[in-house]
Structure formats: C-alpha cells, structure tokens
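When reading the values below, keep in mind they use all heavy atoms of this one structure, side chains included, and skip hydrogens, waters and symmetry mates. Each chain gets a letter, A, B and so on, in the order the sequences are listed, and its residues count up from 1.
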2 protein chains.
Amino acid sequence: MNPAHPATPAAQAGEAAARPGAGASLGQRISDALAQRIVDGEWGPDQRLPVERELAERFGCTRITLREALQQLEAEGRVYRENRRGWFASPPRIRYDPTSIAGFMRYVAEQGRTPRTELLEAVRSGDGLALARRLQLPDAGAEVFVLRRRRWIDRRAVLLETNILRASWAPTLLEHDLAGSLSRVLTGTLGLHLARSRLSIHPASLDPAQAALLQSTVGTPCLRLRRVNYDDAGQVVELDVESWRHDALAVTVEVTAPSAA
Amino acid sequence: MNPAHPATPAAQAGEAAARPGAGASLGQRISDALAQRIVDGEWGPDQRLPVERELAERFGCTRITLREALQQLEAEGRVYRENRRGWFASPPRIRYDPTSIAGFMRYVAEQGRTPRTELLEAVRSGDGLALARRLQLPDAGAEVFVLRRRRWIDRRAVLLETNILRASWAPTLLEHDLAGSLSRVLTGTLGLHLARSRLSIHPASLDPAQAALLQSTVGTPCLRLRRVNYDDAGQVVELDVESWRHDALAVTVEVTAPSAA
DNA sequence: GAGTGGTCTAGACCACCGA
DNA sequence: CGGTGGTCTAGACCACTCC
C-alpha cells in the first residue's frame with residue numbers, strides 16, 4: 001500500500017481542481033462558465049453581474065437553476081450578493097492575522113483597500129447581561145460596556161463586531177473615539193495591557209438581524225471569530241465576537257517553533 | 001453619539017439571536033422549526049433525518065422549499081448531508097489548535113471521539129509538479145513526496161489532507177506508517193524539527209473530486225487550511241492543505257501577549 | 001412605476017443506494 | 001428494483017430598489 005513510484009497525483013491537492021466541465025450538472029456547468037468569465041475579468045471587483053433573468057436566458061435555463069449556479073459561486077467566495085440589489089464579483093480576500101497588534105483599520109489600509117468603521121451602539125450595562133453570561137464572563141453581575149460596530153472595506157459592509165469590556169478595566173472608555181481602532185484606545189490612550197487571548201474561528205451563517213446590517217440575506221454563510229482577552233491577573237477583561245462575510249477574509253497565523261513543547 | 005445609559009443591547013452579540021419566527025419566510029420558519037427539534041434532541045448526533053418528501057408533507061410545502069430550509073441548516077452547521085443518502089444531525093465541532101503539537105489522531109481522541117486516518121496516495125514525484133509550483137515551493141524542480149489522506153471522526157469522513165514534503169528533508173518517509181500521525185513520524189521517528197509555520201484559513205467549497213471523497217455534493221461549503229512549514233534554515237520543507245467539512249471544526253488559537261510588539 | 005431579487009408551487013425525470 | 005436525493009422546468013406573486 002505504498003505505491004512509491006511516480007504517478008499523476010490526481011491533479012489536485014485539496015484545492016479547487018481543473019474542472020472537466022463535462023458530465024457535470026447544468027447548474028454546475030453554468031457555475032463554471034461564470035467563474036471563468038470572472039477570472040477573465042469580465043466583471044471587476046465589486047462590480048455588478050447582469051440581472052438574473054438575463055443570465056438565465058443567456059444560458060438557456062430557469063432562474064432557479066441559474067440561482068443554484070450563483071449560490072455555488074457564492075459558496076466559493078467568487079461572488080456575493082446584496083439583498084434585492086443583485087450579485088457582485090468578490091474582490092480579493094483581506095488577509096488578517098489575529099495574533100498581530102495591527103487593528104482592522106491598519107491592515108485593511110496596508111493591503112491597499114479603504115477601511116471604515118461605524119459605531120452602531122455603545123452602552124454601559126450593569127444588569128446580569130444574558131450576553132456576558134453566555135459568553136462566560138465569570139461574574140455575571142459585573143458592569144460592562146457593550147460596543148457594536150459595523151466595518152467596511154471599500155464600498156461594502158463586511159464585518160459586524162461586538163465588544164464586551166469589563167467596565168472597571170477601562171472606566172473612561174465611552175469618552176473616547178470608538179469609530180477607529182479600539183486597540184489603539186485601549187493600549188495607547190488608556191495604557192492598558194492584555195496578557196493572553198483565546199481565539200476561536202468557525203463557519204456559521206448570518207441571522208436575520210446581522211443579514212440586515214450587512215445588506216445580505218438570512219442564511220448567508222459567514223466566518224465567526226470569537227476572542228476572549230485576559231489581563232495580567234488572568235481575569236477576563238474583554239470579549240469580542242466578529243461575523244465576517246465569508247468571502248472577505250483569509251485568517252493567517254504565524255507560528256514559531258510549532259513543535260516545541 | 002455616545003448613549004452611555006443602560007439599554008437593551010439589541011439582544012444579539014454577533015451570535016445567532018433568538019429567532020422571532022414570525023414575519024420570516026416559509027423556508028426560514030421551517031428551518032427554525034427543524035433547528036429546534038435538533039436542539040431538543042429529536043435526532044441525535046450523526047442520526048438521519050426523515051426523508052425529504054415526508055418532511056415536506058409534514059410542513060406542508062414543496063420539496064424545493066424544504067430543501068432550502070435544510071440548506072439553511074447546513075450553512076449553520078446543524079445538519080450535513082451524504083450524497084444521495086440523506087440528511088444527518090451534526091455532532092459537536094472538534095476544537096483544533098493548529099499551533100499545538102498534537103495531531104489529528106490525538107486531539108480527536110482527547111475530545112471523546114473516534115479518529116481514523118486513511119492513506120489514499122503516497123508517491124515520490126520529481127517533475128516540476130504543478131502543485132508544488134502553485135504552492136510556492138521555491139525550487140520547482142526539487143523532488144517531493146505527495147501524501148493524500150482522508151480522515152474520519154466516528155462514522156464520518158470529515159477531512160481531506162494533502163501533504164507535500166521536500167524529499168531531501170525526509171528521505172525515508174515512505175518507509176514508515178503514514179496512516180497515523182505524520183508529525184509523530186517526522187519529529188519522533190525521523191527526529192526532524194520545524195522552526196516556523198505560516199497558516200492560512202478561509203472558507204471555500206468542495207470541488208467534484210473532493211465531494212466524492214467526502215461522500216458529499218459539489219459546492220458544499222468547507223473550511224480550507226493551508227500551512228507552509230519551514231525548517232531552521234528558513235527553507236520550505238512541507239506544504240499542507242486541509243479541506244474540512246465546515247460543520248466539523250472550530251479552529252482555536254492561543255495567543256500570548258498579543259499587544260507585545 | 002418598472003424592474004429586480006426573494007420566495008413558492010406542482011410537477012417531472014434521473015442516478016444512485018440499499019434491500 | 002423500489003425509494004431516495006439531485007436536478008430541472010415553467011410558471012407565479014410579492015417586497016423592495018431605483019429611477
């Protein structure tokens with residue numbers, strides 16, 4: 001069971017393979033054809049595709065079949081949709097290293113794109129917040145700040161973020177500008193320090209409220225990042241939940257000496 | 001713009017919110033109803049749901065509408081499908097920390113599940129492999145080993161993995177057992193050492209070949225992890241591409257001193 | 001107000017799984 | 001070989017966007 005002779009390694013390495021195109025379903029072939037046109041640059045980044053009925057006619061199929069093809073491309077991250085506005089070609093993914101200090105505003109700009117942050121809500125809450133409890137804040141009664149922000153890349157809302165911070169840790173937080181870099185406010189202006197972070201990443205989908213805020217539709221796949229931040233005393237001081245449009249992001253992590261115990 | 005008074009924080013923190021259930025589309029309401037039954041334990045982990053036609057009749061809708069509801073649940077990671085075999089309730093996600101030394105076999109077992117690894121292919125290749133070139137192996141002519149493996153959790157194939165290793169780095173690789181932990185062979189038996197890793201994670205979808213190997217359907221969303229491993233001299237010695245069923249995995253990362261420059 | 005995407009119906013045929 | 005999921009058709013209505 002060790003065929004150690006040269007052979008064609010099945011032409012694929014866990015990546016999208018060259019698609020034969022034949023033998024596949026109609027929806028699949030239409031999806032391939034559209035993908036090719038996108039690669040060829042027929043529709044540039046963030047540019048709108050023709051209306052569904054026209055594409056369906058062009059490919060000689062039903063709208064349902066055409067939409068199946070588009071949903072296929074959506075899953076691949078090649079196109080995205082805006083609710084009732086149409087389908088658009090996806091721009092390149094933003095690379096994001098959660099272990100680095102750089103915040104959203106900075107790394108988006110560094111990759112030649114235009115970031116924007118919108119503060120949706122900033123409140124102080126002292127009641128036994130269901131949120132904090134569910135997110136494992138140890139003492140459910142502690143006062144917290146809750147920030148909700150929507151972040152944009154170029155013309156498109158790509159990210160919803162909720163921060164929950166222990167109020168006693170950053171008492172003057174709400175007096176500062178929260179539409180920019182939160183980490184700059186915390187570590188810069190307020191001189192605070194985080195000792196440790198625990199990050200969790202998993203695919204999920206947008207609920208109705210999120211979909212509305214991202215101009216998207218319910219059930220659109222997304223990537224969910226959850227972070228728990230600890231201070232030097234090992235106490236939880238911040239929780240962070242991010243929901244990204246799934247085609248907008250590639251998480252990268254640098255690991256040094258991964259085999260060192 | 002700083003409403004610093006107690007208020008209800010919109011009842012959601014970037015997580016799935018309590019779903020109102022009213023006002024939503026039929027497919028959405030059916031999806032919610034099914035989700036509730038799954039939570040209630042009507043169908044346990046890896047257990048098959050009733051056939052589509054029966055569910056459609058039970059909910060008084062078309063099969064198309066029912067399938068839309070199921071695809072919604074699939075995107076959320078609550079159910080998965082096996083090609084032409086039906087829909088199944090998803091078991092809990094496996095938590096996986098790519099920065100740790102533990103390999104697949106170990107962390108799956110540690111979480112009370114049953115791991116299995118299947119070697120699909122193990123070849124030595126010396127030609128300017130398109131793969132290696134596309135994956136940025138610096139000297140395209142270098143001899144490499146290509147491993148392709150399929151990995152299971154309990155009764156279900158969840159992961160396709162391709163490893164490309166510089167042959168000169170681990171010359172005797174193919175003589176060892178490759179159906180278990182690769183890292184154990186490399187760092188244990190062969191005494192090799194990795195200095196640095198660069199990991200990239202992004203949502204994607206399964207191509208036809210992958211779908212077939214995972215008993216899945218083309219276009220099923222997946223999570224793609226790509227890793228480039230360097231030795232002490234800073235040379236690329238291994239490439240790793242993993243395609244996970246997207247409901248099977250939650251990537252976790254421990255970061256120490258995230259704000260240290 | 002025209003036209004778009006979102007949703008839904010009522011069928012149908014086929015490929016494949018499993019008995 | 002029966003039943004399943006996968007695929008596709010030919011419509012229809014509605015809510016919403018955009019002009």
Side-chain angles (χ1 to χ4, degrees), chain A residues 21-34 47-75 79-89 155-157 205-206 208 211-220, chain B residues 21-34 47-75 79-89 155-157 205-206 208 211-220:
Chain A
S25 69
L26 178 58
Q28 196 49 224
R29 275 178 281 136
I30 294 174
S31 177
D32 291 350
L34 285 171
Q47 195 176 333
R48 189 163 174 246
L49 272 58
V51 303
E52 290 182 0
R53 285 168 176 85
E54 184 190 326
L55 286 174
E57 192 183 9
R58 197 188 296 184
F59 288 106
C61 69
T62 317
R63 260 184 77 210
I64 292 199
T65 303
L66 178 88
R67 281 171 65 82
E68 184 198 316
L70 287 169
Q71 283 160 27
Q72 167 75 246
L73 293 174
E74 184 185 36
V79 304
Y80 64 93
R81 64 176 117 175
E82 292 192 357
N83 197 12
R84 289 180 189 286
R85 288 183 20 81
W87 299 81
F88 301 79
R155 302 210 118 73
R156 175 182 175 219
S205 75
L206 299 174
L213 286 167
L214 290 181
Q215 291 274 33
S216 187
T217 54
V218 188
T220 299
Chain B
S25 70
L26 178 58
Q28 196 49 223
R29 274 177 282 138
I30 293 174
S31 176
D32 292 349
L34 284 170
Q47 194 175 336
R48 187 162 177 245
L49 273 58
V51 302
E52 291 182 358
R53 285 169 177 86
E54 183 190 327
L55 286 174
E57 192 183 8
R58 196 188 295 184
F59 287 107
C61 69
T62 315
R63 257 183 80 211
I64 292 200
T65 302
L66 178 87
R67 281 171 65 82
E68 183 199 315
L70 287 170
Q71 282 161 27
Q72 168 76 244
L73 294 174
E74 185 184 36
V79 303
Y80 64 93
R81 65 177 115 176
E82 290 192 357
N83 198 12
R84 292 181 188 283
R85 287 182 25 81
W87 299 83
F88 300 79
R155 302 208 120 72
R156 175 181 176 221
S205 75
L206 298 174
L213 286 167
L214 290 181
Q215 292 274 33
S216 186
T217 54
V218 189
T220 299

Mind checking what makes salt bridge (Lys or Arg N to Asp or Glu O under 4.0 Å) contact with B:R85, not counting sequence neighbours? B:E82
Sorted by chain and number, sequence neighbours left out, ring pair (Phe, Tyr, Trp, His ring centres under 6.0 Å) with B:F88 holds for B:Y80
For A:E68, enumerate each residue passing the salt bridge (Lys or Arg N to Asp or Glu O under 4.0 Å) test, keeping only those at least two apart in sequence or located in another chain. none
Identify each atom pair where a protein N or O and an N or O of nucleotides 2-5 of chain D are less than 3.5 Å apart, giving names and distance.
{"unit_1": "D:dT4", "atom_1": "O3'", "unit_2": "B:R48", "atom_2": "NH2", "d": "3.4"}
{"unit_1": "D:dG5", "atom_1": "OP1", "unit_2": "B:E52", "atom_2": "N", "d": "3.3"}
{"unit_1": "D:dG5", "atom_1": "OP2", "unit_2": "B:E52", "atom_2": "N", "d": "2.9"}
{"unit_1": "D:dG5", "atom_1": "N7", "unit_2": "B:R53", "atom_2": "NH1", "d": "2.9"}
{"unit_1": "D:dG5", "atom_1": "O6", "unit_2": "B:R53", "atom_2": "NH2", "d": "3.2"}
{"unit_1": "D:dG5", "atom_1": "N2", "unit_2": "B:R84", "atom_2": "NH1", "d": "2.8"}
{"unit_1": "D:dG5", "atom_1": "N3", "unit_2": "B:R84", "atom_2": "NH1", "d": "3.4"}

Pairing residues for B:R63 by the salt bridge (Lys or Arg N to Asp or Glu O under 4.0 Å) criterion, not counting sequence neighbours: B:E52
Outermost DNA chain C nucleotides near chain A [under 4.0 Å, heavy atoms]: C:dT4 to C:dT9
Using side-chain contact (heavy atoms from CB on, under 4.5 Å) as the criterion, list what pairs up with B:E54, not counting sequence neighbours. B:P50, B:V51, B:R58
Checking A:A75 now: which residues fulfil side-chain contact (heavy atoms from CB on, under 4.5 Å) with it, not counting sequence neighbours? B:S205
Starting from the 5' end of DNA chain D, give me the residue, A:G27 or A:Q215, whose nearest nucleotide shows up first. A:G27
If the condition is side-chain hydrogen bond (donor to acceptor under 3.5 Å, both in side chains), which residues does B:T217 pass it with, not counting sequence neighbours? B:T220
Calculate, to the nearest 0.5 Å, the distance between atoms CZ and CG belonging to B:F59 and B:L34 respectively. 4.0 Å
Any base atoms under 4.0 Å from B:L26, or only sugar-phosphate, or nothing? Heavy atoms, all strands. sugar-phosphate
